[in-house]
Amino acid sequence: MLAGKTAVVTGSTSGIGLGCARAFAAEGANVVINGLGDPDEIEATRAAIEADYKVRCTYSPANMLSGDEIAAMIAEAEETFGSVDILVNNAGIQHVSPIEDFPVDKWDAIIAINLSSAFHAIRAAVPGMKSRGWGRIINTASAHALVASPYKSAYVAAKHGIAGLTKTVALEVAEQGITVNAICPGYVWTPLVEAQIPDTMKARDMSEEEVKRDVLLKAQPTKAFVSIEQVAGYAVFLCSDTAASITGSVLPIDGGWTAQ
Ligand code: NAD
């Protein structure tokens with residue numbers, strides 16, 4: 001379905017982003033992966049995508065804290081492949097802390113990586129999409145773009161912000177064949193979720209099992225984690241012709257969490 005297209009997925013060295021990169025490659029798109037991690041592992045991930053799906057895959061080390069590096073990532077992708085047709089703004093970090101103790105540097109980093117990086121990537125990718133009259137911009141938001149949880153002030157603020165950015169850009173490019181949507185997963189079992197368990201145990205004085213049952217899955221009526229493949233499949237669907245009229249939408253995939 002996506003042969004001849006190029007997808008840039010930020011934060012795709014693990015978790016949801018890697019799932020999206022693999023799902024786009026499975027549909028025939030060339031992909032640019034991005035993110036932090038061990039260089040040998042990243043190279044193995046990149047090579048595996050090429051081998052498994054017979055597409056081209058490159059790696060951009062752009063740090064999502066840097067607007068200049070993000071712009072360079074998009075320019076390089078356009079130069080290598082001729083276009084950036086699909087952009088998934090997915091990189092994200094989390095920090096869990098009561099507001100009065102929330103470290104200022106963590107606030108700044110979360111706003112930069114989870115929100116501002118999408119602004120930098122979108123502004124760089126939109127001119128090419130406009131010139132070709134086709135584009136798909138997908139922002140990995142969160143159920144936390146729609147509802148809040150305590151102790152996640154920066155994350156919830158950034159995710160609500162990305163919902164606003166999604167709607168705004170969607171209106172600006174609506175007549176140019178470009179759709180802009182936010183996918184809002186509930187809890188997906190990835191390194192990001194695993195890493196916040198110790199801080200949540202501390203902030204709420206709970207055991208690991210209590211955090212999983214009484215904090216994470218308590219929010220989800222299905223009592224099950226959303227899978228990476230389900231989120232990636234949603235992203236692929238948004239790139240289909242069937243989804244051409246879905247734009248400016250903030251779309252939950254959250255096991256019923258935000259229905260409550
Ligand atoms: P993850 O930790 O597996 O992946 C995060 C990715 O972002 C990694 O590739 C990491 O290297 C990259 N990254 C982090 N800081 C970066 C930086 N400065 N520059 C470049 N890359 C950077 O986490 P995940 O759960 O797959 O999260 C992906 C997205 O999904 C995030 O935006 C997250 O907020 C969102 N999300 C996750 C869940 C969940 O339950 N896991 C739920 C809703 C939304």
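Start at 1 and go down the list; that is how both ligands and their atoms are numbered. No experiment lies behind these values; they were computed from the predicted model shown.
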Shortest protein contact, [atom] (heavy atom only):
atom: atom 21 (N) of ligand 1; result: Gly35 CA, 3.5 Å
atom: atom 40 (O) of ligand 1; result: Val188 N, 2.6 Å
atom: atom 37 (C) of ligand 1; result: Ile16 CD1, 3.6 Å
atom: atom 19 (N) of ligand 1; result: Met64 N, 2.9 Å
atom: atom 27 (O) of ligand 1; result: Leu192 CD1, 3.8 Å
atom: atom 25 (O) of ligand 1; result: Thr190 OG1, 2.4 Å
atom: atom 33 (C) of ligand 1; result: Tyr155 OH, 3.5 Å
atom: atom 1 (P) of ligand 1; result: Ser14 OG, 3.4 Å

Please confirm whether [X] approaches ligand 1 to less than 4.0 Å, judged on its heavy atoms.
X: Ser117; result: no
X: Gly37; result: no
X: Ala109; result: no
X: Ala141; result: yes
X: Trp189; result: no

Ligand 1 versus [X]: contacting region, heavy-atom distance under 4.0 Å:
X: Ile93; result: side chain
X: His144; result: neither
X: Ile113; result: side chain
X: Leu36; result: both

Atoms in ligand 1 flagged as close to [X], the criterion being non-hydrogen separation under 4.0 Å:
X: Val193; value: 39 (C), 40 (O), 41 (N)
X: Asn63; value: 17 (C), 18 (N), 19 (N)
X: Thr13; value: 8 (C), 9 (O), 11 (O)
X: Thr140; value: 29 (C), 30 (O), 32 (O), 35 (C)
X: Gly11; value: 6 (C), 7 (O), 8 (C), 9 (O), 12 (C)
X: Ser12; value: 9 (O)
X: Gly15; value: 3 (O), 26 (O)
X: Asn90; value: 28 (C), 29 (C), 30 (O), 31 (C), 32 (O)

With rounding to the nearest 0.5 Å, note down the distance linking [atom1] in [X] to [atom2] in [Y].
X: Leu115; Y: Met64; atom1: CG; atom2: CE; answer: 13.5 Å
X: Gln94; Y: Ile110; atom1: CD; atom2: CD1; answer: 5.5 Å
X: Trp107; Y: His95; atom1: CH2; atom2: NE2; answer: 12.5 Å
X: Ile162; Y: Ser116; atom1: CD1; atom2: OG; answer: 9.0 Å

With a 6.0 Å cut-off (strictly less than), is the heavy-atom count around [atom1] of [X], excluding the residue itself, greater than 12?
X: Glu76; atom1: CD; answer: no
X: Arg213; atom1: CZ; answer: yes
X: Lys223; atom1: NZ; answer: yes
X: Asp38; atom1: CG; answer: yes
X: Asp101; atom1: CG; answer: yes
X: Asp105; atom1: CG; answer: yes
X: Phe81; atom1: CZ; answer: yes

Distance-only N or O hit between ligand 1 and Pro185, under 3.5 Å
no

Please tell me if the side chains of Ile183 and Leu238 come closer than 4.5 Å, counting only heavy atoms from C-beta onward.
yes

Considering only heavy atoms from C-beta outward, does the side chain of Tyr151 approach that of Pro98 to under 4.5 Å?
yes

Nearest heavy atom to atom 38 (C) of ligand 1: which of Ala143, Ala158, Ala62, Gly186 does it belong to?
Gly186

Could you point out which residue of Arg204, Met201, Gln196 forms a side-chain contact (heavy atoms from CB on, under 4.5 Å) with Val211?
Met201

So, Ser83 and Asp85: side-chain donor and acceptor under 3.5 Å apart, yes or no?
yes

Between Thr247 and Thr179, the two heavy atoms sitting closest are OG1-CA, 3.3 Å

